Amino acid sequence: MAYREVTMLEVKEVLRLWLRGNGHKRIVARLGTDVKTVRRYTQAAVQAGLRREDGEAGLTEEIVQAVMAGRRPKAHRPRGEGWD
């Protein structure tokens with residue numbers, strides 16, 4: 001399976017729909033992403049301090065950046081001298 005990078009606009013749209021009360025499966029149906037991806041982004045946003053009760057006003061750039069930073073792939077281990 002190929003890895004597809006999700007853009008910041010897609011993350012914002014996922015979070016906006018979630019803040020409007022949409023469930024994960026409804027967001028998936030609308031955007032065509034995977035339900036696991038939607039769940040990961042909403043969980044990361046909650047950990048960053050986003051609350052559904054705050055509505056879209058609570059969706060700040062700092063929260064979106066925290067979500068994006070938390071979902072970046074980890075750096076690979078360094079290669080040995082033999083690789084050169």
Side-chain angles (χ1 to χ4, degrees):
M1 179 182 277
Y3 169 77
R4 185 179 78 84
E5 188 171 336
V6 180
T7 66
M8 187 176 284
L9 292 175
E10 290 173 310
V11 172
K12 283 184 180 180
E13 188 62 22
V14 165
L15 296 176
R16 279 191 198 117
L17 290 171
W18 180 76
L19 288 169
R20 291 178 187 162
N22 291 301
H24 292 150
K25 290 184 180 181
R26 183 163 289 181
I27 295 170
V28 167
R30 183 165 179 177
L31 300 179
T33 57
D34 187 63
V35 71
K36 294 177 195 173
T37 302
V38 171
R39 188 178 314 119
R40 284 185 195 118
Y41 285 126
T42 55
Q43 287 174 349
V46 168
Q47 289 176 354
L50 185 64
R51 297 181 329 153
R52 254 188 172 163
E53 299 83 34
D54 296 338
E56 289 186 48
L59 185 59
T60 62
E61 289 297 319
E62 291 80 20
I63 289 177
V64 175
Q65 288 174 359
V67 171
M68 292 296 290
R71 302 291 6 139
R72 260 190 216 125
K74 306 290 186 241
H76 298 288
R77 63 183 174 89
R79 295 187 171 118
E81 292 176 13
W83 182 261
D84 295 329

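Remember, predicted model here, so these are calculated numbers, not experimental data.
The salt bridge (charged side-chain N to carboxylate O under 4.0 Å, His left out) pairs that include a residue from residues 55-67 are K12-E61, R20-E56, where partners are two or more places apart or lie in different chains.
With a 4.5 Å cut-off on side-chain heavy atoms, L50 and W18 count as touching. A 4.5 Å side-chain heavy-atom check between M68 and V11 finds at least one atom pair inside the cut-off.
Contacts of A48 classified as side-chain contact (heavy atoms from CB on, under 4.5 Å), with partners at least two apart in sequence or in another chain: I63, A66. By the side-chain hydrogen bond (donor to acceptor under 3.5 Å, both in side chains) test, T37 is found to be paired with no residue, residues two or more places apart in sequence or in another chain being considered. Applying the side-chain hydrogen bond (donor to acceptor under 3.5 Å, both in side chains) test to D34 and every residue at least two apart in sequence or in another chain returns nothing. Qualifying salt bridge (Lys or Arg N to Asp or Glu O under 4.0 Å) partners for R16, counting only residues two or more places apart in sequence or in other chains: E13. R39 is linked by a side-chain contact (heavy atoms from CB on, under 4.5 Å) to H24, V35, K36, Q43, counting only residues two or more places apart in sequence or in another chain.
Shortest non-hydrogen contact noted between V67 and A44 is CG2-C, 3.9 Å.
A donor-acceptor pair is defined here as one N or O able to donate and one able to accept, closer than 3.5 Å; no such pair exists between the side chain of N22 and the backbone of I27.
In this structure, OG1 in T42 is found 11.5 Å from CG in L17, a value given to the nearest 0.5 Å.
In this structure, R26 places its CZ atom where only 12 or fewer heavy-atom neighbours from other residues, nucleotides or ligands lie under 6.0 Å away.
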